Amino acid sequence: MARVAVTGSSGKLGRAVVPHLVEHGWDVVALDRVAGLRDDVVSSTVDLTDFGQAVEALSGIDDRHDGVDALVHLAAVPAPGLLPNAATFANNMTTSYNVHSAALRAGVRKIVWASSETVLGLPFDEPPPYVPVDEEYAPRPTTTYSLVKTLEEELARQLCRWHPDLSMTGLRFSNVMYPEDYAAFPSFDADPSLRRWNLWGYMDARDGAQAVRRALEHDVPGADVFIVANADTVMSRPNEELLAAEFAGVPLARPIGSHETLLSIDKARRVLGYEPTHSWRDETGS
Ligand SMILES: NC(=O)c1ccc[n+]([C@@H]2O[C@H](COP(=O)([O-])OP(=O)(O)OC[C@H]3O[C@@H](n4cnc5c(N)ncnc54)[C@H](O)[C@@H]3O)[C@@H](O)[C@H]2O)c1
């Protein structure tokens, strides 16, 4: 059984990723500065801004583990504005450098990490170049949080240049949701501008966990990034109406379905075999 360290394991996404990986045969080491709730996986409480702690966390801690085969790095301050910008930068950038460097020292050659939909230009005050948006245009960060996600994508490219056998897969997750969040979705329809900031996208945490697992299984050297969202929008109103109201003049890159995600998951489907299995429409009967 392969062993994987999951940073940010106590967080919103981590709480879905850890059990999913366990169900699929991974031996999980859960790492977070907040103690986890699960007692069926090895866990340690670590501050990953401390390089010494990161090195031990990835290479072995007393009776917990003696090394890992892979790393899933989710730990971060997860949005703009939660902390002052410099504090977000210091936590997220330092944490990513530390865990990636510590993993490399420990011999890890498969890393999956959480990037973000924000690098696509959210909240799209400047309209996207086309829809559905994809991985083909350069990042357009508008916040310090998103700037760090952009720098982390470059960090991955350079680390893979230094280590030709290294595989780093970045997942540009959309807004993470749990089934209990879906009750609010029908109310979004009243105002198209309410959720224009991420092109009416979302990501079910369970499908996010599936994407992480598929990315772990994607053992191809080099750095690559994938948008990960659900297959549909959060809206009952059709895309034609939403785009006319909020993004008139933005060209269509290809024909799209009325409720198809405008955050393209074509690449994740094609390369990773990712296929969302949940929709808020099924959960709410909409
Ligand atoms: N939630 C979303 O909608 C969303 C969307 C796109 C990307 N992401 C990214 O996905 C990842 C997970 O997000 P989430 O929603 O689960 O966030 P979260 O805040 O719920 O979980 C993040 C976890 O990381 C831990 N952490 C942060 N800094 C740490 C450090 N220095 N040392 C140790 N632990 C640390 C926190 O304690 C927390 O438990 C993040 O990288 C986030 O930027 C989230």
Side-chain angles (χ1 to χ4, degrees), residues 5-20 29-38 43-58 61 71-83 87-103 111-123 133 139 141 143-153 155-156 169-178 181 195 197-209 211-212 215 225-230 234 263 265 268:
V6 178
T7 74
S9 52
S10 304
K12 193 172 186 182
L13 194 51
R15 288 195 303 273
V17 167
V18 170
H20 182 87
V29 173
L31 302 171
D32 202 299
R33 64 184 167 196
V34 174
L37 300 175
R38 295 175 64 92
S43 63
S44 289
T45 304
V46 296
D47 180 354
L48 296 165
T49 59
D50 180 326
F51 186 60
Q53 293 190 38
V55 167
E56 276 200 41
L58 274 299
I61 303 178
L71 166 66
V72 172
H73 174 44
L74 307 176
V77 175
L82 297 175
L83 297 181
T88 299
F89 188 94
N91 185 76
N92 291 2
M93 200 71 241
T94 306
T95 295
S96 292
Y97 175 80
N98 285 353
V99 294
H100 294 334
S101 298
I111 296 175
V112 177
W113 87 95
S115 186
S116 160
E117 62 180 356
T118 57
V119 304
L120 296 164
L122 274 60
V133 290
T143 62
T144 299
Y145 166 79
S146 185
L147 176 63
V148 175
K149 293 295 187 191
T150 302
L151 297 175
E152 287 168 355
E153 292 188 358
L155 175 66
T169 309
L171 301 176
R172 293 175 170 180
F173 292 120
S174 185
N175 195 194
V176 179
M177 298 286 174
Y178 275 84
D181 298 318
R195 304 279 306 182
W197 56 272
N198 76 340
L199 295 174
W200 307 279
Y202 74 108
M203 192 195 68
D204 185 285
R206 297 162 295 183
D207 284 322
V212 168
V225 293
F226 299 87
I227 296 171
V228 177
N230 275 72
V234 301
L263 307 168
I265 54 173

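Quick note: residue numbers are just sequence positions, from 1. Indexing begins at 1, ligand by ligand and atom by atom, following the structure's order. Predicted model only: the values in this text are computed from it and were never measured.
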Side chains of Ser174 and Asn198 in contact at under 4.5 Å (non-hydrogen atoms): yes
Answer whether the closest heavy-atom distance between the side chains of His20 and Val212 falls below 4.5 Å. no
Write out the protein residues near ligand 1, meaning a non-hydrogen atom under 4.0 Å from one of its atoms, in order of chain and number. Gly8, Ser10, Gly11, Lys12, Leu13, Asp32, Arg33, Val34, Val46, Asp47, Leu48, Thr49, Leu74, Ala75, Ala76, Pro78, Asn91, Thr95, Ala114, Ser115, Ser116, Tyr145, Lys149, Phe173, Ser174, Asn175, Val176
For Arg206, salt bridge (Lys or Arg N to Asp or Glu O under 4.0 Å) partners two or more places apart: Asp204, Glu283
Return the set of residues passing side chain to side chain contact (heavy atoms under 4.5 Å, CB included) with Asp50 (not counting sequence neighbours), or none when no residue passes. Gln53
Restricting to salt bridge (Lys or Arg N to Asp or Glu O under 4.0 Å), what partner residues turn up for Glu153, sequence neighbours left out? Arg172
Roughly how far apart are Tyr145 OH and Leu122 CG, rounded to 0.5 Å? 10.0 Å
